[in-house]
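Residue numbers start at 1 and run along the sequence shown. Keep in mind that the numbers below use all heavy atoms, side chains included, and drop hydrogens, waters and symmetry copies. All of these numbers come straight from a predicted model, not from anything done at the bench.
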Amino acid sequence: MQKILVCLDPDLQPSVFDAVVAVDAGADHLFRHGGVRPEDVEGLVHGAMFTRGPADLKNTAVFVGGSDVAAAEALAAAAVKCFFGPMRVSVLQDANGSNTTAAAAVLAAGRHVELAAGVTAAIIGTGPVGQRAALMLAGEGVHVRLCSRTRARADQARDALATKVDASLLSAIGTAETPIAQAIDGAQVLIAAGPAGVEVLQQPACEAAASLRAVVDLNAVPPLGVGGIDVMDKAVQRAKQVHYGAIGVGGDKMKIHKAAVRRLFETNDAVLDAAEVYAIGKALQA
């Protein structure tokens, strides 16, 4: 039976990137819907649920993508609410690549620092990727410093994550009030997930951070997020630090993305979000 992936996208034009990856991951047909709102989801998902018998539903799945992560989360939640009994299909939410990118970044750092209790990671940028990286790190027992320009935004991210992981592993820092050197002091891992084209950490400050062992910069748009790191860096050793640039983690991000799509067609009851995507990435690396 052919594999059908129903792509729900809050953007008016469904993502071409997501479609190409889905095809490369083995989906036979893509039913792509743009401009989807939560109230539209039930009809679309029921169309996926009621056209095949329970034994065949693993061959139909839903992918929620696009550029607006909050809107995509609402679509994914609406999709899951449609299911009952054996009448369900698997769902993957990876809007703006937030889950797969965060997983690739955390796994890259984990190759050089054992992610466990006693380790501290600083995340600069508390948007969707930064928050998901924090969720994955805290799940390993790592203490995470959530660094945003304003303390209010950092607090907001911490409070959102505290409902999912041990709140004692999270701290919030406003870099407009706390010098960046102080914010990263004592951290072994740094993930820069700030806005595109904004340098969040200058090269001298990065080099002077004696505790840092793994630095991952996810900004691919010049100027890059961390001075001294090249977008192509992949496990590049500079003094006592190992550096990764955005393209340097991009290959692993793509492997995780494709593996997650393939995972959708193994059962009809998978719901893949940050934690599940991270587990897929860890399995690939094992």
Side-chain angles (χ1 to χ4, degrees), residues 101-127 129-149 151 154 157-158 161 165 169-196 198-220 222-250 252-253 278 281-282 285:
T101 300
V106 171
L107 290 167
R111 296 188 188 108
H112 311 282
V113 177
E114 183 178 359
L115 302 178
V119 171
T120 297
I123 296 181
I124 305 178
T126 55
V129 174
Q131 289 192 40
R132 281 159 174 76
L135 183 71
M136 296 167 189
L137 287 163
E140 300 285 12
V142 174
H143 183 86
V144 182
R145 297 176 186 167
L146 292 156
C147 306
S148 192
R149 180 162 178 78
R151 177 62 186 269
R158 181 198 57 199
L161 292 169
V165 296
L169 294 173
L170 306 171
S171 58
I173 297 174
T175 58
E177 305 146 352
T178 302
I180 193 70
Q182 182 178 334
I184 65 176
D185 183 44
Q188 292 78 44
V189 173
L190 170 65
I191 296 177
V198 176
E199 186 179 69
V200 296
L201 182 65
Q202 295 182 344
Q203 183 173 357
C206 183
E207 293 175 346
S211 61
L212 283 181
R213 294 294 176 264
V215 182
V216 182
D217 179 12
L218 297 175
N219 185 1
L224 303 184
V226 179
I229 292 184
D230 187 83
V231 70
M232 300 296 295
D233 283 350
K234 184 174 183 179
V236 174
Q237 188 81 38
R238 294 188 177 96
K240 294 183 179 181
Q241 299 174 3
V242 177
H243 292 172
Y244 285 82
I247 295 179
V249 299
D252 289 332
K253 177 259 187 294
Y278 180 51
K282 289 178 72 174
Q285 190 168 274

What is the distance from atom CG of Asn219 to atom CD1 of Ile229, rounded to the nearest 0.5 Å? 11.0 Å
Please report the closest heavy-atom contact between Val216 and Ala108, naming both atoms and the distance. CG2-CB, 4.5 Å
side-chain contact (heavy atoms from CB on, under 4.5 Å) partners of Leu212, counting only residues at least two apart: Ile184, Ala187, Leu190, Ala209, Val215, Gln241
Can you pull the salt bridge (charged side-chain N to carboxylate O under 4.0 Å, His left out) pairs that have at least one residue in residues 104-127, sequence neighbours excluded? Arg111-Asp252
Checking Lys240 now: which residues fulfil side chain to side chain donor-acceptor pair (under 3.5 Å) with it, not counting sequence neighbours? none
Quick check: are there more than 12 heavy atoms from other residues, nucleotides or ligands sitting under 6.0 Å from CD of Gln202? no
Output every pair passing ring-ring contact (aromatic ring centres under 6.0 Å, His included) with a member in residues 107-127, not counting sequence neighbours, ordered by first then second residue. His112-Tyr244
Residue pairs passing the side-chain hydrogen bond (donor to acceptor under 3.5 Å, both in side chains) test with at least one member in residues 169-186, sequence neighbours excluded, are His143-Ser171
To the nearest 0.5 Å, atom CG of Leu137 lies from atom OG1 of Thr120 at 10.5 Å
State, yes or no, whether a side-chain contact exists between Glu140 and Val106 at a heavy-atom distance under 4.5 Å. no
Is it the case that the side chain of Asp217 and the backbone of Val226 share a donor-acceptor pair, with hydrogens and angles ignored and the cut-off at 3.5 Å? yes
Side chain to side chain contact (heavy atoms under 4.5 Å, CB included) between Leu161 and Leu146, intermediate numbers included: CA-CA 10 Å; Leu161 292 169; Leu146 292 156; 3.9 Å; yes
Please round to the nearest 0.5 Å and tell me the distance separating atom CG of Leu107 and atom CD of Gln285. 5.0 Å
Between Arg145 and Ala183 (side chain of the first, backbone of the second, donor and acceptor by atom type, cut-off under 3.5 Å), is there such a pair? yes
Any non-hydrogen side-chain atom of Leu115 less than 4.5 Å from a side-chain atom of Val189? yes
Is the shortest heavy-atom distance from the side chain of Val242 to the side chain of Arg213 under 4.5 Å? no
Residues forming a side chain to side chain donor-acceptor pair (under 3.5 Å) with Glu207, sequence neighbours excluded: Gln203
